[in-house]
Amino acid sequence: MTVLEVLSQPPLFAALAGLLGLAVGSFLNVVIHRLPKMMEREWREQCAELRGEPRAAAPTLNLAVPRSQCPACGHRITARENIPIVSWLWLRGKCSACGAKISARYPVIELLTGMTFAYAGWRFGFSLAGFAAMAFVAAMIALSAIDIDTQLLPDSITLPALWVGLLVNLPGTFVDLRTAVIGAMAGYLVLWSVYWVFKLVTRKEGMGFGDFKLLAAIGAWLGWKMLPFVVLASSFVGAVVGVALIALAKRGREVPIPFGPYLAAAGVIALFWGPPIVDYYTRQLF
């Protein structure tokens, strides 16, 4: 039996995809933590340049440098302490050097990525669609966590996601290219229109431009036919969560709630289960 024949077996490929997802989830934790800091540094440098000020000296910061370390004491994370999920459990959620707590979000991101990668591997198999679905899911997880933390949806993720979605659909992986292009345009214009109508009526901004780009990316991956489901599902979940936060957590109505995570979650649901859901409701309505 050849390697390709072995990988073509859904259970085995799903297991391998799950292990890959754990490793990717560990990297996504780095992206979620560092990318906003990198963006802030870039903005500061641009502002200083516009003011004619010299660029301030600062240590190198990117997704590879410096090595991961404890934010409390600066302890460098060793390879043994960086095994997805296992290391967090082994360390009991604390730094081995100073005992500072390590957020449970790290293993949660790793586990979520591993589980969704495994399902993508099982759902689509060893194929372009399978690997593309994993890339889509990874982008949605990273964007969701960053939006929750900072209320930002970085262009460095949303725009590549849009173009990669069109590229993936060149051979009709999820939808044909025409449907994908219309999906990208419609995804942006739908929320752009909602934004301006809301602003004209209330004189307030209801969402950020990052949300437009995120829905455009989802449209590029899944096509325009999935956009009504994505918008309705994300709006419904966002409304329920928003009301719950106001009622249970006593969160003020004036405190903004990021919409990106709901769009991303609806996009992942549409990727895996969208066609049968849309077909079912279409039959019920027509």
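Heavy-atom basis, side chains included; hydrogens, waters and symmetry copies ignored. FYI, the numbering just counts along the sequence from 1. Remember, it's a predicted structure, so these values are computed and weren't measured experimentally.
- Taking the six-membered ring wherever Trp is involved, the centroid distance between the rings of W273 and F229 does not fall below 6.0 Å.
- Between F259 and S235, the closest side-chain pair of non-hydrogen atoms falls below 4.5 Å.
- Below 30°, between 30° and 60°, or above 60°: for W192 and W196 the angle between ring planes is above 60°, a perpendicular geometry.
- You'll find the side chain of S96 reaches within 4.5 Å of the side chain of H75, heavy atoms only.
- Rounded to the nearest 0.5 angstrom, L177 CG and I182 CD1 are separated by 10.0 Å.
- Between the side chain of D176 and the backbone N or O of G172, no donor-acceptor pair lies under 3.5 Å.
- Not one N or O on the side chain of N82 forms a donor-acceptor pair closer than 3.5 Å with the backbone of S87.
- Residues L191 and M207 are in side-chain contact: their nearest non-hydrogen atoms beyond the backbone lie under 4.5 Å apart.
- Partners of F136 under the ring pair (Phe, Tyr, Trp, His ring centres under 6.0 Å) rule, at least two apart in sequence or in another chain, are W221.
- Within 6.0 Å of atom CZ in R92, 12 or fewer heavy atoms from other residues, nucleotides or ligands are found, so the atom counts as exposed in its surroundings.
- Annotation for S156 and L35: closest pair OG-CD2, 3.6 Å, computed over non-hydrogen atoms.
- Among residues at least two apart or in separate chains, salt bridge (charged side-chain N to carboxylate O under 4.0 Å, His left out) pairs with a member in residues 128-156 are R105-D149, D155-K213.
- Smallest separation of non-hydrogen atoms from C73 and C95: SG-SG, 3.9 Å.
- Listed for the S234 side chain is no donor-acceptor partner under 3.5 Å among the backbone atoms of A266.
- Residue A142 comes nearest to I157 through the heavy atom pair CB-CD1, 4.2 Å, listed as atom of the first residue, atom of the second, then distance.
- Residue-environment remark: CD (E45) exceeds the threshold of 12 foreign heavy atoms within 6.0 Å.
- Shown here is F236, whose CZ atom has no more than 12 heavy atoms of other residues, nucleotides or ligands within 6.0 Å.
- Annotation for M39 and L152: closest pair CE-CD1, 4.2 Å, computed over non-hydrogen atoms.
- Cluster annotation: I83 is not connected to Y106 through the hydrophobic network of ILVMFWY side chains, with a link wherever side-chain heavy atoms come within less than 4.5 Å.
- Side-chain contact between V164 and V168: present, with at least one pair of heavy atoms (C-beta onward) separated by less than 4.5 Å.
- A perpendicular orientation is assigned to the rings of F13 and F131, their planes being inclined by more than 60° (bins at 30° and 60°).
- Applying the ring pair (Phe, Tyr, Trp, His ring centres under 6.0 Å) test to F209 and every residue at least two apart in sequence or in another chain returns Y195, F212.
- When the salt bridge (charged side-chain N to carboxylate O under 4.0 Å, His left out) test is applied to K37, no partner is found at least two apart in sequence or on another chain.
- Pairs of residues two or more places apart, or lying in two chains, that qualify as ring pair (Phe, Tyr, Trp, His ring centres under 6.0 Å) and include a residue from residues 140-178 are F124-F174.
- At least one side-chain heavy atom of V181 sits under 4.5 Å from a side-chain heavy atom of M185.
- Under a hydrophobic clustering in which Ile, Leu, Val, Met, Phe, Trp and Tyr are joined whenever their side-chain heavy atoms come within less than 4.5 Å, directly or via other members, V108 and L28 fall into different clusters.
- Partners of W90 under the ring pair (Phe, Tyr, Trp, His ring centres under 6.0 Å) rule, at least two apart in sequence or in another chain, do not exist in this structure.
- Using a 4.5 Å cut-off between side-chain heavy atoms of Ile, Leu, Val, Met, Phe, Trp and Tyr, with links allowed through other members, L112 and V31 fall into the same hydrophobic cluster.
- Judged by distance alone, the side chain of T116 and the main-chain N or O of T113 form a donor-acceptor pair under 3.5 Å.
- Taken together through direct or relayed side-chain contacts under 4.5 Å among Ile, Leu, Val, Met, Phe, Trp and Tyr, V65 and I77 form parts of separate hydrophobic clusters.
- For the pair M226/P275, a side-chain contact is recorded, criterion being any heavy-atom separation below 4.5 Å from C-beta on.
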Salt bridge (Lys or Arg N to Asp or Glu O under 4.0 Å) between E40 and R44, intermediate numbers included: CA-CA 6 Å; E40 182 179 358; R44 290 181 183 275; 3.0 Å; yes
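- Between the side chain of T158 and the backbone N or O of P154, at least one donor-acceptor pair lies under 3.5 Å.
- Residue W88 qualifies as enclosed at atom CH2: its count of foreign heavy atoms under 6.0 Å is above 12.
- Counting only heavy atoms from C-beta outward, the side chains of R76 and Q69 approach each other to under 4.5 Å.
- The distance from atom CD1 of I146 to atom CD1 of I141, rounded to the nearest 0.5 Å, is 12.0 Å.
- The neighbour count for R67 CZ, taken as heavy atoms of other residues, nucleotides or ligands under 6.0 Å away, is above 12.
- Side-chain atoms of R123 and L271, non-hydrogen and from C-beta on, never get closer than 4.5 Å to each other.
- Within a 6.0 Å sphere centred on CZ of R41, other residues, nucleotides and ligands contribute more than 12 heavy atoms.
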